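Throughout, a chain's letter reflects where its sequence line sits, starting with A, and its residues are numbered from 1. Because the structure is a prediction, the values reported are computed rather than measured. Only this structure's heavy atoms are used, side chains among them; waters, hydrogens and symmetry mates stay out.
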Number of protein chains: 2
Amino acid sequence: MDETPKPPLTRIQRENRARIREAALEAFTRHDLCGGLRGVTLDKIALVAGLTKPNILYYYASKDAIYSDLLENLLEEWLLPLKEISPDGEPLAEIQNYVRRKLRLSIEKPRESKLFATEILHGAPLTAATLSGYLKDLVDEKAALIERWIKQGQLAPIDPYHLIFSIWAMTQHYADFDVQVRAILGAEKTKRLPDEASVFFDTLCARLLTPSK
Amino acid sequence: MDETPKPPLTRIQRENRARIREAALEAFTRHDLCGGLRGVTLDKIALVAGLTKPNILYYYASKDAIYSDLLENLLEEWLLPLKEISPDGEPLAEIQNYVRRKLRLSIEKPRESKLFATEILHGAPLTAATLSGYLKDLVDEKAALIERWIKQGQLAPIDPYHLIFSIWAMTQHYADFDVQVRAILGAEKTKRLPDEASVFFDTLCARLLTPSK
DNA sequence: AATAAATTTGCCCAGATGGTCAAAAATTAT
DNA sequence: ATAATTTTTGACCATCTGGGCAAATTTATT
C-alpha cells in the first residue's frame, strides 16, 4: 500500500501542517469568513427541479432567498409538537407523546431535520432572530409548565430546559446522524429502529420523570 | 415595513415555488449531487493561516486532504472517553464518568465537534469506512459490556446501543447547537451551563440506570 | 563561501458559480 | 383574433475557486 519511503517530516513541515490544521478548524467555524449554505448550487437545484437557472431566479430573488423561505416554513412545522404539550393532560403522558411525535418527525422528514441542523451548526445566519424571539418564548412557556408539574409533585424534579434540549438532541440524532447510526446498528437492527427507539424513549421518560414517592 | 401591495400569487407561481423548495430540499440531502466540505475555501484557510495558497498546497495535496487529515486525528481523540469505560469499575460510575468526559470534550472543543457533525451530516464521505469498521467494533464491545452489567443486575435493563446514541446526541448538542442553546438560555443561564448540564446528566444516568430493586 | 535542498511566492488557468438581460414563448384577457 | 401580461429561456458576464508551475528565496550542508 504505502510505497513512499516516508521521509521524516522536517521541523517546518510539522509546524506548518499544524498551523494549517488549526487555521482550517478556525476558518471552518468562523461565521464571518464562512458561508453556510454553500455546497448546493443553483445549477443543481435547477437540475433537480427540472427548470432552468434563470427561471428559478425569476421566482426567487437569490439563492439565499430560497433557503430563507425553506427555513421559515420549516420552523413552524418543526415546533408544532412542542406547542401541543397541553397543561390539561397527564404530565408524563404529555411528554412521552411529545417525544414520540418529535421522533416520528425526525424519522419521516430527515431532510428537513438536516437542513435545520446545518443552519444552526453554521451559526443560524438566517434564523438567529427567530431563535431568540419566538422559539425562546415558546420554550420558556413550556419550561414553566414543566416546572409547575414538578412543584405539584406530578413529575420528578429536573431542569426543564435541559430536558427539552435532550429531547431535541436525541430525537434529531436519528435523522442528522443517520449514516453513523446505520453504520453501527447494521442492516437488521436498523430495520427495527423506529420501534426500538420508541420503546427506549418511553422507558427513559418514565424512569427519568416518574416522581420517586 | 411591507411596501409592496403584494400581488396575489398566480397558480404557476405557487406551483413552481413549491417545486423549487422541494428540489432545494432534495438537492440539499443528495450526496451524489452535493459536495460537503464546501464553504471553506483554500483562500480563507490561507488567510487565517497567514500563508499563501500555493504554500498550503505544498503541504497538502488538495483541500480534501486537509480535511481527511483533520478528521483522522479527530476521531482518535473523540473516541477516547468511550474506550476508557472499564469492565472493572462500578457500572453506574463508569457510565456517569463517560458522560462527564464526553460533555467536557464537547464544551471545550466545539469546533472539532462541529467539524465531525458536518462530516456525518453530509453523509460521512471521508469517514464512512471508519464508522462501519473501527467505530462499530468499539461500540459493539462496549454495548456487550453494558449488556453484561444489565444481566448481572448491576444496571437497569435498557438497549445499550440507544443509550450510547443518546449520550452522544445529548452531549454533542451543547457544542453543535450552541447558538440555539445560548439563544434560549440567555446570558446568565448560559454561564451556569457546564455545571447545570453536569448535574442534569448525573441525575439522568442515575434514574435511568439504577436497578429498580 | 559555495552548493544543494527545502520552502515560498507571483502569476496563471480552466471550470464552476451566482446572477443579468433582452428576446422568445406561452398564457390570459378582451 | 388580438393585444397585454406572465413565464421561460439562451447567451452572456464578473467573480471565485481549486490547483499548477517555474522562478525566487530561504535554510541546511559541506
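Comparing the axis of the opening five pairs of the helix from C:dA1-D:dT30 to C:dT30-D:dA1 with that of the closing five pairs yields an angle of 10°, rounded to 10°.
In this structure, the OH atom of A:Y67 is 9 Å from the P atom of C:dG18, given to the nearest Å. Taking atom CD1 on A:I56 and atom P on C:dT17, their separation rounds to 13 Å, with Å as the unit. Atom-to-atom, CG of B:N55 to C1' of D:dG20 comes out at 14 Å; the value is rounded to the nearest Å. Going from atom CG of B:D64 over to atom C1' of D:dG19 covers 12 Å, rounded to whole Å. A:L51 places its CG atom 17 Å from the C1' atom of C:dG18, with the value rounded to the nearest Å.
Between A:Y174 and B:F165, the angle of the ring planes goes over 60°, which puts this pair in the perpendicular group of the 30/60° scheme.
With distances taken from any side-chain atom of A:D43 to the nucleotides D:dT17, C:dT17, C:dC11, the minimum falls on C:dT17. Distance from the side chain of B:T41 is smallest for D:dT17 among the nucleotides C:dC11, D:dG10, D:dT17. Comparing C:dT9, C:dA6, D:dG18 against the side chain of B:L42 picks out D:dG18 as the nearest. Closest to the B:L57 side chain, of the nucleotides D:dT8, D:dG19, D:dG18, is D:dG19. Comparing atom distances between the B:P54 side chain and each of C:dG10, C:dT8, C:dT20 picks out C:dG10 as nearest. Candidate nucleotides C:dG19, D:dT17, C:dC21 were compared by shortest atom distance to the side chain of A:S62, and C:dG19 ranks first. Across C:dT9, C:dT8, D:dG18, the shortest atom-to-atom separation from the side chain of B:Y59 is found for C:dT8.
The phosphate of D:dT8 has neither OP1 nor OP2 within less than 4.0 Å of any side-chain N or O from A:T52. The phosphate of C:dT7 has OP1 or OP2 within less than 4.0 Å of a side-chain N or O from B:Y58.
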Compile the donor-acceptor pairs under 3.5 Å between side chains in residues 138-148 of chain B and protein atoms, sequence neighbours left out, one pair per line.
from   : atom 1 : to     : atom 2 : distance (Å)
B:D140 : OD1    : B:Y161 : OH     : 2.5
B:D140 : OD2    : B:K136 : NZ     : 2.9
B:K142 : NZ     : B:K83  : O      : 3.1
B:K142 : NZ     : B:I85  : O      : 2.8

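Annotation: side chain to side chain contact (heavy atoms under 4.5 Å, CB included) contacts of B:A65 (sequence neighbours excluded): B:Y60, B:S62. Taking the side chain to side chain contact (heavy atoms under 4.5 Å, CB included) definition, one finds that B:R104 meets it with B:E108, sequence neighbours left out. For A:L204, the side chain to side chain contact (heavy atoms under 4.5 Å, CB included) partners two or more places apart in sequence, or in a different chain, are A:M170, A:F200, A:L208, B:L208. Qualifying side-chain hydrogen bond (donor to acceptor under 3.5 Å, both in side chains) partners for A:T171, counting only residues two or more places apart in sequence or in other chains: none.
A heavy-atom distance below 4.5 Å is not found between the side chains of A:R100 and A:F201.
Scanning atom types as modelled, one donor and one acceptor separated by under 3.5 angstrom connect the side chain of B:K53 and the base of D:dG18.
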